[in-house]
Amino acid sequence: MTVVGDTTGTTLDRRAVISLIRRLRSPEGQSNPQPVWHQLRALGDVVPAPWGGYLATGYDVCNQVLRGRTWLAPDLAWQARQPNAERWQTPATQAISRALFRLNPPTHTQQRRSLGNAFDRTSLAALAPGVSAQAKRLVDELAERIRRDGEADFVTIVGDPLPVLTVGEWLGIPARHHAHVLDFTHRQVHSQELLPTKSELDVSAQATAEMREFFTGLIRERRAAPGNDVVSGWIRHWDEQFPDDPAAADETVYDLTMFITIASLENSATLLANAVWFLGQDADQWRWLRRHPEHVDGAIEEALRYDPPIHLNTRIAAEDTVLAGTPIAKDQMVHVMYGAAAHDPRRNENPERFDILRKGSHMTFGGGAHYCIGAALARLEARTLLTELLGRFETLRPVSAPTYAPRMVFRRVTSLKVST
Ligand code: HEM
């Protein structure tokens, strides 16, 4: 049994943690979670969560949980063992739990293998011209709105549209559906949050029903007129795996298409808004990056580290274990805090400084078996857009601080007003 990190997490006051979690969920915590991450980390690498389970706060401990074999995703079998049925056995939670990120071997391994390296060099090269054309068009629109109104909302004009246009192009989702896809994605996400209320779960259930109808229709159309596109390829693959059960094939294609679509949207949009927010605040930094485009990738990595679009993720102990000196019983939850980990000063010096030359460490795309399949695509979108923005605007200043949806797991910037 490996033991990593500090062991102070065993003896602390749960009330201190409750108060920090409240702060994290408040508007102040949403706009600047760093002081709370810092205080949580000061309590220990492994901190008891007020609702049961634990928060992993240090870089090495988080890494160990993500990569260790004794940690599993909280799948449907685990959910069925939980006493809290109104949380874990609601339709929205159950539906999303059939998706890749909540699967464990052997089903996870089979589905993951079926995707191969979806965004290898060849696929990225095929997607790049489309991403570039869309980025140019959206930046034209941003420039025009700023010229006309003096300021414009980066999120609605550029940040939200670019990822849905990109994944729409890849999966063949017609543009007339993009607004609806974005909308149900925003509403569905509650069931993936840490402590959703009953009414949030109801909102999520409605969005789940709309998602079901939409993607089932898309797959039906693709079955009727198969082509050389990605979804038709998935249908062919899963038909071969389930030769006597086309319904099972359709279900798997549904789970993959639905989840890959929604997983690609908010996270990428948050990265784009964050990059503009962190870089645009300092006009000298923006101008410097214009003159040194070779550091655009470094700037994107620092934006990924500084404020990960997903703040935390959950694993459960597959067996009784010890994590950083804290005994953890089989089936208990551990929440891996990506943001707190990336701001661990033992890993990244002066973590509160946004430094595009840092070459820092982060686990913003996860790690281990569930490592993000879309990381290369997200980076391509960010690089293409940032290059376009830097080329177009001598400065791109945020007019005010961004606004955020009140969430703990999936970050969402709802608005970022910018001007030149
Ligand atoms: C900045 C953008 C993105 C961020 C920060 C991000 C982050 C993550 C993280 C942290 C995980 C691991 C989840 C876990 O361990 O349970 C993950 C998994 C995943 N991501 Fe992303 N993601 C991004 C963009 C994308 C894109 C563009 C796609 C698809 C086109 C995508 C598809 C997926 C899928 C399918 C999984 C599940 C993998 C598995 O469970 O095996 N993501 N992502």
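Every number for a ligand or one of its atoms is a count from 1 in the order of the listing.
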Between [Y] and [X], is the closest basic N to carboxylate O distance under 4.0 Å?
{"X": "Arg347", "Y": "Asp60", "answer": "yes"}
{"X": "Lys359", "Y": "Glu302", "answer": "no"}
{"X": "Lys136", "Y": "Asp140", "answer": "no"}
{"X": "Asp255", "Y": "Arg98", "answer": "yes"}
{"X": "Asp239", "Y": "Arg223", "answer": "yes"}
{"X": "Glu301", "Y": "Arg379", "answer": "yes"}

| remark: Logged contact type for His311 with ligand 1, heavy-atom cut-off 4.0 Å, is neither

| message | Under 4.0 Å, heavy-atom basis, I'd like to know which part of Glu381 is in contact with ligand 1: side chain, backbone, both or neither. | response |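 Neither; nothing of Glu381 gets under 4.0 Å from ligand 1.
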
Enumerate the atoms of ligand 1 whose separation from the nearest heavy atom of [X] is less than 4.0 angstrom.
{"X": "Tyr338", "result": "10 (C), 15 (O)"}
{"X": "Thr364", "result": "5 (C), 7 (C), 10 (C)"}
{"X": "Phe259", "result": "34 (C), 35 (C), 36 (C), 37 (C)"}
{"X": "His108", "result": "39 (C), 40 (O), 41 (O)"}
{"X": "Phe119", "result": "30 (C)"}
{"X": "Phe101", "result": "16 (O), 40 (O)"}

| field | Heavy atom of Trp170, distance to ligand 1 below 4.0 Å | value | no

| Hey, is Met363 one of the residues with a heavy atom under 4.0 angstrom from ligand 1? |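 It does not, in that no heavy atom of Met363 comes within the 4.0 Å cut-off of ligand 1.
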
| said: Is it the case that ligand 1 has an N or O less than 3.5 angstrom from some N or O of Ser268? | reply: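 In fact, backbone or side chain, Ser268 has no N or O that close.
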
| task | May I ask you to check if ligand 1 and Tyr371 share an N or O to N or O distance below 3.5 Å? | result | no

| note | Given a cut-off of 2.8 Å, the protein N, O or S atoms lying below it from atom 21 (Fe) of ligand 1 are Cys372 SG

To the nearest 0.1 Å, how far is [atom] from its closest protein heavy atom, and which atom is that?
{"atom": "atom 40 (O) of ligand 1", "value": "His370 ND1, 2.7 Å"}
{"atom": "atom 14 (C) of ligand 1", "value": "Asn313 ND2, 3.1 Å"}
{"atom": "atom 38 (C) of ligand 1", "value": "Arg112 NH1, 3.2 Å"}

Hey, does the side chain of [X] reach the backbone of [Y] with a donor-acceptor pair shorter than 3.5 angstrom?
{"X": "Asn350", "Y": "Arg353", "value": "no"}
{"X": "Thr403", "Y": "Ser415", "value": "yes"}
{"X": "Gln94", "Y": "Trp88", "value": "yes"}

